[in-house]
Amino acid sequence: MWVDTFFFYLFALVTLAGGVLTVTRRNAVHSAMSLILSLIGVAGLFLLQRAEFLFAVQIVLYVGGIMVLFLFVIMLVNLDQAARMRQFSGQWWLALACVLAVAAQIVYVLSRGSGAFRFARPEPPARGGNVELVADVLFKQYLLPFELASVLLLAAIVGSVIMARKRI
Amino acid sequence: MKFLELVWLIPLIPLAGAALMLVLGRLLDPQPPSEVAAAPGVAPAASGHGVAHRIGQHGHSAARSVISLLCPGTVFVSLLLSLGAVWELAALPGRTYEVVKFTWVAGLPFFTQSGALARFTADWGFLLDPLSSVMILVVTGVGFLIHVYSVGYMGHEGGYYRFFGYLNLFVFFMLMLVLANNYLLMFVGWEGVGLCSYLLIGFYFHKKSAADAGKKAFVMNRVGDAGFILGMLLMFSVFGSVRFREVNEALASGRFAAETAGLGVLSAIALLLFLGATGKSAQFPLYTWLPDAMEGPTPVSALIHAATMVTAGVYMVARSHLLFRLTPEASTVVAVIGAFTAILAASIALVQNDIKRVLAYSTVSQLGYMFMACGVGAYWVAIFHLYTHAFFKALLFLGSGSVIHALGGEQDMRRMGGLKDKIPVTYRTMVVGALAISGIPGFAGFFSKDEILWQIYSSPHGSKVIYLVALVTAGMTAFYMWRLIFMTFHGSPRTDPQTLAHVHESPPVMTVPLVALAVGSALAGWIGVPKLWAFLPESFRAFEHWLAPTLSAPALRASEHAHEAATEWLLMGVSVAVALAGIGLARHLYLARPERVQALRQAAGPLYTVLANKWYVDEIYDAVFVNGLGKGGGSALARFDNRIVDGGVNGAGWMTRLTSTLSIWWDTWIVDGAVRLLSFLVKAASFPVRVLHTGSVQAYALVIVLGAAVLFTWYLVR
Amino acid sequence: MSEHLLSIVLFTPLAGMLILLLIPSGRTGLIRLWANIAGFAGFAVSLPLLWRFDKNASGFQLVERYEWIPSLGARYIVGIDGISLLLVMLTTLIGALAILSSWSAIQEKVKQYYAMFLLQQTGMLGVFLALDFFLFFVFWEVVLVPMYFIIGVWGGPRKLYAAIKFFLYTLAGSVLMLLGILTLYFQHFRQYGFYTFEIAELMKLDLPLGLQQWVFWAFFIGFAIKVPMFPFHTWLPDAHVEAPTAGSVILASILLKMGTYGFLRFSLPLLPKASIDPLIVKILVGLSLVAIIYGALVSLMQQDWKKLVAYSSVSHLGFCTLGIFALNPNGLAGSVIQQINHGISTGMLFLIVGIAYERRHTREIAEYGGLAHVMPKYATVFAIAMLSSAGLPLLNGFIGEFTILQGAFEANRVWAALAATGVILGAAYLLWLYQRTMLGQVTNPKNLHLPDLNLRELAVFLPLIAWALWIGVYPKPYFEVLEKPVTQIVERVRPDYFRKAPVPAAAPLEVLR
Amino acid sequence: MSEFYTSVDHFALVPALMLALFGCAVLLFDFFVFPAPRQRKWLILFLALGIGFAALGLVRQYMFLSSEGLAEFTAFRGALTIDGFAIFFNGIFLAASLIVALVSYRYLEIEGEHHGEYYGLILLANCGMYFLATGTDLVTLFVGLELMAVCFYIMVGFLRFDKRSNEAAIKYLLLGAFSSGFLAYGFSVMYGLAGSTRLGDITAALAARSAWDPLVFLALATTAVGLFFKVSVVPFHMWAPDAYEGAPTTVTAYLSVASKAASFAFLVRIFLGPLISAREVWQPLLAAVAVATLTVGNLAAVTQTNVKRLLAYSSISHAGYVLLGLVAGNPTGIKGIAVYLLVYTFMNLGAFLVLVALRRRDILGEELEDLSGLMHKSPVHAVLMLIFLLSLAGIPPTAGFIAKYYIFWALIQAREYVLAAIAAAYVAVAIYYYFRIVRSMFVSEAADREPLASSFGLRLALGVTGLLTVAIGVYPEPWLALAQNSVLLR
Amino acid sequence: MLHPVTTTHYLVLSAALLAIGTIGVLARRNIVVILMAIELILNAVNINLIAFSRHLGHVHGQVFAIFVITVAVAEAAVGLGILIALFRTRATVQADEINLLKW
C-alpha cells in the first residue's frame with residue numbers, strides 16, 4: 001500500500017513540477033522538456049492505476065510524437081527572439097488570482113462531494129491483460145468513436161499540411 | 001299650407017345662391033391677375049399699384065350684373081316664402097308648424113340622469129312658430145335690403161362674388177339657426193353664422209387687422225360655443241333630447257320645480273346656454289370682438305353685427321324661456337350681465353371717434369337691453385326690441401356706410417362734418433335712425449325701449465337698480481348717437497377739400513334700402529304700443545299677441561298690472577326726458593359751443609400727459625376734450641376695456657403661449673429626452689461592452705475563466 | 001368571386017405592387033400610371049362592400065376562414081363589422097388619393113416608392129380585416145417597413161432620425177403587445193386545451209382581473225404608441241415632419257387609427273374587466289385629456305406648418321381615445337366616426353401642406369402669408385379642411401367631436417368639460433395657422449407667382465370634401481353601421497349597461513307628423 | 001456485418017459515412033483527378049453528391065421512423081440515437097453545407113485561395129456535426145465535436161496569407177482547445193459519477209443524486225463552460241466576433257449557422273439528457289447567461305461599423321434567444337430552439353451571402369460604407385438583405401418572427417414574463433443596428449461602382465435562402481411539423 | 001503518515017494540473033507554450049479518467065483517455081500548423097501581439 005502511496009506522491013510531484021516548469025520556463029525548448037517530464041509523471045500515474053496500455057500510449061504517442069512536433073515547430077518559428085522578450089502577459093496576476101480561485105472552488109466542491117470517491121474499489125477479477133480489456137471495450141463499445149477519430153486525424157493532418165505548406 | 005310645407009326651402013335658396021357663387025363665382029367675376037395684394041416692397045414691378053385698393057375699373061361687367069340680381073334675388077325669394085309661410089301660420093290653430101325632414105345625428109342609446117334610456121339624436125327639423133316667424137322676417141327682410149344695398153356698396157370691390165357668396169351663406173345659416181326645431185341644429189346655424197362672420201370680417205383679408213379681428217371673433221365665439229355644447233350635453237343628460245318641443249314639454253310637465261334657491265342642474269343648463277349667448281351676442285365678458293369686427297365691410301356690420309347674428313343669443317334665450325323662467329337665479333345673471341354690458345358699452349361709445357365703432361358699442365349696449373328684458377322675464381319685449389333694433393341699427397350702419405362711401409373710405413368722425421347738404425338722403429334717414437334709437441316717442445325704438453324700461457321696473461323679477469342703469473344708458477345712447485349725427489353732418493366740414501369736392505350722394509341702389517329702413521324705423525314700433533295707451537285698439541299691440549303662443553307663461557302674468565298707470569306714465573316721461581337731455585347735451589357740445597371742448601382740453605390735459613403710452617394719452621385726452629370731466633367715468637371704463645378686459649384676453653393668450661412653450665420644452669427634453677437618454681445609454685453602453693474585446697486572446701480566455709469562477713461562486717454562495 | 005371579396009380587397013394592392021415590380025424602373029410615366037391604376041382599383045374593389053354589408057346583422061360579415069398554421073392555431077380569418085368597414089373604406093380611399101397626390105411630388109426612386117405604398121396599403125387593410133390575432137400582428141408589423149422607407153428614403157432632412165424613431169417606437173410597443181397576445185393565447189390553451197388566435201375564441205376566456213390588467217398594459221403600450229397617446233407621442237411630429245406628403249397623409253389618416261382600432265377590437269372585448277377597472281379608465285382618460293389639451297397648446301406654438309398639423313393629430317386622437325374609454329355607445333361610436341373624420345380632415349391638411357411644400361420647399365409658416373390672393377382655390381380647400389378639423393357643424397368633425405363629448409359627458413361631466421376646451425383651442429390654432437399662411441398680404445416675393453391647384457390636385461381633394469360634407473350633413477348611415485358592433489362592445493365590457501332599462505325598439509323620438 | 005457492426009448501425013451511420021467518404025474523395029480527387037484550378041468546380045459536384053447521399057440516408061431514416069411509428073432507434077450499443085431531433089438538425093447542417101459550398105467557389109477565387117481541401121473540410125465538418133446531433137455517448141460527442149472544430153479551425157485560417165484570417169484561426173483554436181479541455185473535464189466527472197459514457201446511463205445516475213450535489217455541479221459547470229463556448233454565449237463568446245470577422249466570409253457564414261446549430265444540438269442533448277435532473281440548478285443560471293448574452297450581443301452590435309462583426313454580435317444575441325428556449329424548458333421551448341435554428345440558418349446565411357457577393361477584387365465589402373447605395377447598384381441584393389435583416393430582427397411576415405414567436409411563447413408558457421419582456425425589449429435594440437445596415441443600403445449614395453460578384457451558385461444560394469426566409473414566415477406549417485418531431489422533451 | 005491514496009487524491013491532483021495549465025494559457029505570451037499548457041489541461045482530464053476508471057473497476061475511462069489523447073494530438077497538429085502560417089505573416093508568436101481583430 002505504502003509503495004503505491006509513495007509512487008503516487010512521487011509521480012504527482014513530477015507531474016506538477018513539470019507542469020509548473022512548463023508554464024514558467026523562459027525558453028520554449030525548456031518548457032517542452034518540462035512538459036515531457038510532466039507527461040512522464042502522468043504516465044507513471046497511469047501505471048499506478050493499472051492502465052498499462054495507456055501508459056504505453058502516453059509515452060509513445062505523447063512524449064514521442066507530440067513533443068517532437070512541438071520541438072519541430074519551436075525550431076521552425078525561431079523562438080530565440082521570443083525568449084528574450086517578456087514572457088508573461090500583463091494580466092498574469094489577475095489570471096493567477098482567478099485560476100487559484102477557480103481551483104480552490106473546484107477542490108472545495110470536490111471535497112464536499114468526495115464521499116463518492118473515498119476509496120478505490122477492489123480490482124475486478126482479471127479476465128485478461130489490460131490491453132485485451134481495452135481492446136475489447138474499444139472495439140465493442142467505442143467502435144464508432146474509434147472510426148471517427150480516424151477521420152479526425154485525417155482532418156488534422158490535411159489541415160496542418162494546408163496550413164504549414166508554403167504555396168499550394 | 002303650400003308655403004308652410006316649403007318652410008325648409010327658405011334657408012336652402014340662399015344656400016343654393018351661396019354654393020353657386022363660391023363654386024362658379026370666379027368664372028362670373030374674374031379677377032385680373034395684377035390684383036395680388038402684396039406687402040409694400042414685395043409687389044412685383046409689373047403690378048405696381050397699391051395694395052389695399054382693389055377698386056378696379058372693371059366693376060360692372062355683365063357677369064357682375066348676374067351676381068347682383070341673383071344673390072339678392074335668392075333672399076327675396078326666401079322673403080316671399082317666409083311671408084307666405086307666416087301668413088299661413090297665422091291661420092293655424094296653435095300657430096306652430098314643425099316638420100322633420102330626416103334624422104341628422106342618429107346616435108346611439110344612452111341613459112339620462114333619471115335612468116331612462118334615450119337616444120342621442122337630432123333631426124333636420126324645422127319649427128315655424130311666432131318666435132321664429134319674427135326672426136325669419138327680420139332676417140330675410142333686413143337681409144334683402146342689405147343685399148340690395150351691397151350691390152351698390154361693394155360694386156367697386158374685388159371679390160364681389162365671394163362677398164355675395166358669404167352673405168348668402170350667412171343668410172342660410174341664420175335661417176337655419178332660427179328655424180331649427182332643436183338645439184343641435186340651431187347650433188349648426190349658430191356656428192355657421194360665426195363662420196360667415198369670420199369670413200366676412202376677414203373679407204379684406206389682406207389687412208392684418210381684419211384677419212385678426214375675424215380670428216378674435218371666431219375664437220371668442222368658440223368659448224361661448226363650448227358653453228353651449230356643454231349646455232346641450234347636460235340637456236341631453238337631463239331631458240334625453242334637445243328638441244325644443246320635448247325639452248319644453250319636460251319643463252312644463254312639472255317634473256322640475258323652479259330653482260329659486262341655489263343652482264341646480266337647470267340653472268347649470270341655463271347658464272351654460274347663456275355663456276353661448278354672451279359669445280354670440282357680444283355680452284360681457286365676451287364682447288370685445290364686436291367692435292373689432294367693424295373691420296368688415298359695412299353692409300356686413302349692418303346685417304351680421306347689428307341686425308341678425310348678434311341677436312341670436314337673445315333669440316336663443318327667448319327660445320329657452322321656460323328654462324329661464326324656472327331658474328330665477330340664472331335669469332338674474334342674465335339681467336345683470338345685460339345691464340352691465342349695456343352701460344359699459346354705452347359709456348365707451350361716448351368717446352369713440354370711429355363712426356362704425358360708435359355704432360358697434362351701441363349695438364353691444366342695445367343687446368344688453370335685450371338681455372335685461374330677458375332677465376326680467378319680458379321675453380316678448382326682448383324680441384320686440386330685437387325687431388325694432390334690426391331696423392334702426394341696420395339703417396344707421398348702412399347710413400354710416402353711405403357716409404364712408406361718400407368720403408372714399410374715411411371713418412373718423414373728426415374728419416367729417418357738414419355733410420348734411422352733400423348727402424341729404426343719407427342724412428335724413430340717419431336722423432330717423434337716431435331718433436328711433438334715442439327713444440323719441442313715435443319712433444320704433446321708443447316703444448321697445450320704453451317697454452323694456454317699464455318691464456324692468458315693474459316685473460317681479462325686475463329691480464330698481466337695473467332700471468336706473470338702463471335709464472342712464474338710455475341717456476348716454478341719445479348723447480352718443482346725436483354726437484355722431486352732429487359730428488358727421490353738422491358744423492363745418494373738417495374733411496380735406498379734395499375729398500370734399502368728390503363727395504356725392506350714393507346711388508339709388510343704396511339709398512332706396514336706406515329709405516325703406518327709415519320707414520321701418522319710424523313705423524315698425526306701432527305694432528307694440530304700451531298697454532297704457534289704451535286709446536289705441538288691440539291691433540296696435542299685435543306683436544305681443546302674435547308671440548303669446550310661444551312666449552306666454554301664464555303663471556307669471558298675474559302680477560303684471562300691479563303698478564299704477566300713473567307710475568308708468570311718469571316713467572315714460574322720465575325716459576323721454578333723459579333721451580332729450582342726451583340729445584341736448586350733444587347739441588350743446590358739438591353744435592352750439594364747440595369752443596368749450598377746447599377749453600376742457602386745456603384744463604384737463606396735464607392729468608394725462610404722465611402716461612407714457614401715447615395712444616392712451618390720445619384716447620383719454622379726447623375723452624376729456626370731448627366729454628369733459630363729467631364723463632370721466634366713461635374714459636375710465638374705456639381704459640378698463642382696453643386694459644383689463646383686453647388685457648385679460650392678451651394675458652390669457654400669453655399664458656397659453658407660455659404653456660405651449662413649456663409643453664414643447666417638456667416634449668423635447670422630458671418625453672423625448674427620456675427616449676434620447678435611452679438611446680444614448682444604449683450607445684454609451686455599447687462602448688464598455690466593445691472595449692472588453694481587446695483583441696487579446698488571453699484576455700478572452702481570462703473572461704472564460706472568470707465566467708467559470710462566477711458559476712462556481714454562484715453555486716457556493718447559494 | 002364575391003365570397004372572397006375581402007381577400008380581393010386585401011390583396012389587390014399587393015397584386016398591383018407585384019405587377020409594378022415588373023415594370024422597368026426607367027419608365028417612370030408608366031410606373032406612375034400603373035400605381036394610380038392599382039390604387040384606384042384598390043378603392044374600386046372595396047366599393048361592393050358598401051352594399052354587401054348588412055348593417056342589421058350582428059357579428060362579423062363576409063367572413064373567410066382558412067387554416068394557415070395549424071401548429072400554432074393561427075388561421076387566415078378576415079371579416080368586417082361596422083367599425084372595420086368604415087376604416088377599410090377610409091384606407092382604400094385615402095390610399096388611392098395619396099398615390100394620386102404623389103404624382104409630381106416624388107421624382108426619384110419612383111418605382112420603389114409606389115411599391116412601398118401599395119405594400120403598405122395591403123398591410124393596413126390586413127390590420128383592419130384580420131380576425132385572427134396572429135394574422136393581425138403580422139399585418140401590424142408589415143406596415144412598419146414600408147413606412148420606414150417612405151419616411152427614410154423620400155423624407156426631409158432629418159428623415160433617418162425620424163424614420164428609425166418611428167420604427168423603433170412602434171416596434172417596441174408591438175413586441176410588448178405580442179407578449180400580451182401570447183399570454184391570452186396561452187391562457188386560452190389552459191382553459192380550453194387548444195391553441196388558437198381567433199378573436200372570437202379568445203373572447204370566451206374568463207381571466208382574473210390581475211392578469212387582465214397586465215395584458216391590458218401590454219396591449220396599451222402597443223396601441224398607445226401607435227395612436228399615439230400622450231407620453232408616447234413624440235415620434236409623431238418627427239415622423240410627420242420628415243415624411244413626404246403622401247406618407248404623412250397615410251400616417252395620420254390610417255396608421256394612427258390602427259392604435260385606436262386595436263383598443264376597440266382587442267383591448268375592450270378581450271379584457272373587459274381591465275377595461276372598466278377604475279384606475280385604468282382614469283389613467284387612460286387622463287392621458288386622453290392631457291393629449292387633447294396638450295396637443296392643442298403645442299400646436300398653438302408651432303412655427304412649422306406640418307408640425308402644427310402633426311400636433312393637432314395628437315389632440316384629435318385624444319378625442320378618439322377619450323371616446324373609447326367613456327365606455328358607452330356614444331363615446332365609442334363617436335370615436336370611430338372621429339377616426340374617420342380625422343382621416344379625412346387631417347389627411348387634407350397634410351395634402352395642403354404638401355402642396356405648399358412642393359411649390360416652395362419650406363414649411364416655415366413665416367415664409368407664407370397672403371396665399372389666398374395667389375391661390376384662391378387652394379385657400380378655399382384649406383378653409384374647408386381647417387373648418388372640418390376644427391369641428392364646424394355641417395362638416396364631419398363636429399359630428400365626431402360632439403358624439404364623443406356626449407359619451408364622455410355621460411361617463412363623467414368633468415371629462416367633457418375639459419375636452420370642450422380642446423374644441424376652443426382647436427379653433428384657435430387652426431384659425432391662427434390659416435391666418436398666418438393664407439390671409440394678410442403677400443409678404444414674401446417668392447409667393448407671388450405660385451400656381452393654384454391644378455386639376456389633379458383638385459381631384460384629390462374633392463372626394464375628401466364631399467365625404468366631409470356627407471358625414472357632416474347626413475351621418476345617420478354611419479351611426480347605423482356602428483350601432484351593432486358598438487353595442488356589442490359595450491355589452492361585453494359592461495354587461496349591466498343595457499340591463500338598466502329595456503332597449504327601445506326604435507328611436508324614442510320619432511318623426512312627428 | 002458483424003455483431004460489432006450491425007445493419008442497424010449501418011443504417012444509422014449512412015449519412016455520416018457518405019459525408020466522410022465523399023470528404024475523403026474530394027481530398028483525393030483534388031490531388032489526383034482535378035489538379036487544375038479550373039476543374040475544381042467539379043469538386044462542388046462531388047460535394048453536392050455527398051450531401052445528396054447523406055440527405056437520402058436521412059430521408060430513409062425518417063421514413064423508417066415514421067413507418068415504424070418509432071420515436072427513435074439507437075445504434076452502436078447506444079452510442080448513436082436516431083430520432084426526429086437528430087434528423088431535423090442534420091437536415092439543417094446539410095442544407096447549410098451545401099449552400100456554403102455553392103457560394104464558396106467564386107469567393108475563394110477572388111481571395112486567391114481556392115483549394116479542393118476546402119470542400120473536403122466542409123464535408124468532414126458536417127460529418128462531425130452529424131455526430132453532435134445523433135451522438136448519445138460522451139466519447140462520440142466529444143470526438144464529433146473535435147472533428148467539427150478542427151475542420152473549422154482550418155477553414156477559419158484558410159486564407160493563409162491573410163493576417164486577419166491567421167489571427168482568427170489561432171484565436172479560435174486556442175480558445176476552442178482551451179474550452180474543450182474544460183468540456184472534457186466535465187465529461188470525465190460525468191463518467192466518474194455514472195460509470196458509463198452513454199448519456200442514458202448518465203441521466204439515470206445523475207437523477208439518483210440530488211440536484212444540488214456538488215459533483216453534479218462540478219460536471220455541470222465545467223461542461224457548461226465548454227458548451228457555452230461553442231454556442232458563444234456570454235461570457236464565453238469573446239472569440240466569436242474576432243473569428244467571424246477574420247475568417248473568410250463563406251466560412252463565417254458556415255461557422256455562424258452550422259457550427260452554432262450543431263453546438264446547440266449538442267447542448268440540448270446534454271442539458272435535457274444527463275443534466276435534466278439538475279434543472280433547477282441550471283435554469284436560473286441559463287436565464288442569467290441568456291440575458292447577459294442578449295445584453296452584450298445587442299449592445300456591442302449597436303456601434304459596429306464592420307458588418308461581419310456586427311453580424312457576429314447579432315449572432316451572439318441570437319444565441320441568447322435560443323438559450324431562452326431552453327430556459328423555458330417546455331416542449332414549446334425545445335421546438336422553438338429547433339425552429340429558431342432552422343430559421344436562423346437561412347436568414348443568417350443569407351445575410352452573409354450578400355456580404356460574400358460584395359467581396360470583389362480590391363473591395364472587402366465588409367464595412368458599412370461598402371453597403372452604401374446597394375439599392376441603386378443591385379436592388380435584388382439590397383432587397384434580399386433587407387428581408388434577411390428583417391427576419392433577423394423578427395419582423396413578420398419573415399421567418400425570423402416565427403422563430404422569436406416560439407421563444408416568446410415558450411417563455412410565456414413558463415410564466416417567465418420578465419425574461420419575455422427583456423427579450424422583447426432587445427428586439428428594439430436589434431432593429432436599431434440592423435437598420436443601420438438598411439439605412440446604408442437604401443438611403444446613402446453608393447461608395448463604388450464596381451458591380452457585385454456573382455455566380456450561378458451565389459444566385460442560387462441567395463435565391464434559396466431568400467425564398468425560404470419568406471416562405472417559412474408566410475407559411476411555416478410544414479417546417480413546424482418537421483420541428484414537431486424534434487422535441488426531445490416529453 | 002501517509003494516508004492511503006484515494007480517488008480524491010487523483011481528482012485533486014488533476015484539479016491542480018488543470019489550474020497550472022490554465023495559468024499557462026492565461027499568462028504565457030508565447031503561443032507555443034500556450035499550446036503546451038493546453039496539453040497539460042488534457043492530461044489533467046486523463047488523470048481524472050484513469051482514476052475513475054480504476055475506481056469503477058472497468059476500462060471505459062481508459063478508452064476515453066485514448067480518445068482524449070487523440071484529440072490532443074489533432075489539436076496540437078492543427079494548432080502548430082496554424083501557428084506556422086501565422087508566423088509567416090506576422091513574424092511573431094506572442095499572443096498579445098496578435099490583436100488586429102478587436103472591438
Side-chain angles (χ1 to χ4, degrees), chain B residues 42 107-111 655-718, chain D residues 167-168 170-175 177-179 181-182 185-186 212 214 216-218 220-226 228-229 233-243 245-246 278 281-282 284-285 288-289 292 295-304 309 312-313 316 425-426 428-429 432-433:
Chain B
V42 174
L108 303 184
F110 69 98
F111 288 95
M655 278 300 293
T656 309
R657 277 202 293 282
L658 180 71
T659 331
S660 299
T661 317
L662 283 178
S663 302
I664 290 172
W665 180 85
W666 168 270
D667 240 26
T668 317
W669 294 106
I670 306 301
V671 182
D672 225 18
V675 176
R676 280 184 214 192
L677 183 68
L678 201 64
S679 100
F680 172 77
L681 282 181
V682 166
K683 278 188 199 164
S686 181
F687 286 101
V689 173
R690 284 180 64 185
V691 163
L692 215 60
H693 296 79
T694 53
S696 158
V697 66
Q698 289 174 308
Y700 297 180
L702 180 62
V703 172
I704 291 176
V705 174
L706 268 173
V710 170
L711 289 188
F712 279 105
T713 312
W714 173 79
Y715 174 76
L716 293 175
V717 167
R718 275 205 48 129
Chain D
E167 179 176 335
I170 198 81
K171 280 179 173 172
Y172 185 26
L173 178 123
L174 287 178
L175 294 170
F178 179 59
S179 73
F182 276 90
Y185 189 89
W212 291 91
V216 173
F217 182 77
L218 183 63
L220 166 67
T222 44
T223 311
V225 170
F228 286 168
F229 174 88
V233 293
V234 175
F236 311 100
H237 69 289
M238 308 283 279
W239 61 277
D242 289 5
E245 189 186 341
V281 182
W282 55 254
L285 210 65
V289 166
T295 308
V296 169
N298 283 311
L299 289 184
V302 165
T303 49
Q304 292 298 335
R309 205 170 171 84
Y313 282 111
I316 290 172
Y426 277 118
V429 179
Y432 184 75
Y433 58 78

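In what follows, chains carry the letters A, B, and so on, assigned in the order in which the sequence lines appear, proteins first and then strands, with residues in each chain numbered from 1. Basis for what follows: all heavy atoms, side chains included, without hydrogens, waters or symmetry-related copies.
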Measure the shortest side-chain to side-chain distance between D:Phe236 and B:Val703 over non-hydrogen atoms and say whether it is less than 4.5 angstrom.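 Contact flag for D:Phe236/B:Val703 side chains = no.
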Is the shortest side-chain heavy-atom distance between B:Val705 and D:Phe178 below 4.5 Å?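 Touching, per the 4.5 Å side-chain cut-off.
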Which bit of [X] is near chain B, if near means a heavy-atom gap under 4.5 Å: side chain, backbone, both or neither?
X: D:Val429; answer: side chain
X: D:Val281; answer: both
X: D:Pro284; answer: side chain

Contact winner vs chain B - D:Val289, D:Ile170, D:Leu299, heavy-atom pairs under 4.5 Å: D:Leu299
Excluding sequence neighbours, so at least two apart, what forms side-chain contact (heavy atoms from CB on, under 4.5 Å) with B:Ala708? D:Val225
Can you name the nearest heavy-atom pair linking D:Pro235 to B:Gly707, along with the distance?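 D:Pro235 and B:Gly707 have their closest heavy atoms at CG-CA, 3.7 Å.
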Would D:Leu285 and B:Leu711 count as a side-chain contact (heavy atoms from CB on, under 4.5 Å) if you check the C-alpha gap in whole Å, the side-chain angles of each, and the deciding distance to 0.1 Å? CA-CA 8 Å; D:Leu285 210 65; B:Leu711 289 188; 3.7 Å; yes
Pairs of donor and acceptor atoms under 3.5 Å between chain B and chain D, please, with atom names and distances.
from: B:Lys683; atom 1: NZ; to: D:Tyr432; atom 2: OH; distance (Å): 2.9
from: B:Ser686; atom 1: OG; to: D:Leu299; atom 2: O; distance (Å): 2.7
from: B:Ser686; atom 1: OG; to: D:Thr303; atom 2: OG1; distance (Å): 2.5
from: B:Arg690; atom 1: NH1; to: D:Thr303; atom 2: O; distance (Å): 2.8
from: B:Arg690; atom 1: NH1; to: D:Thr303; atom 2: OG1; distance (Å): 2.9
from: B:His693; atom 1: ND1; to: D:Tyr313; atom 2: OH; distance (Å): 3.2
from: B:His693; atom 1: NE2; to: D:His237; atom 2: NE2; distance (Å): 3.1
from: B:Gly695; atom 1: O; to: D:Lys171; atom 2: NZ; distance (Å): 2.6
from: B:Tyr700; atom 1: OH; to: D:Asp242; atom 2: OD1; distance (Å): 3.4
from: B:Tyr700; atom 1: OH; to: D:Asp242; atom 2: OD2; distance (Å): 2.4
from: B:Tyr715; atom 1: OH; to: D:Trp212; atom 2: O; distance (Å): 2.5

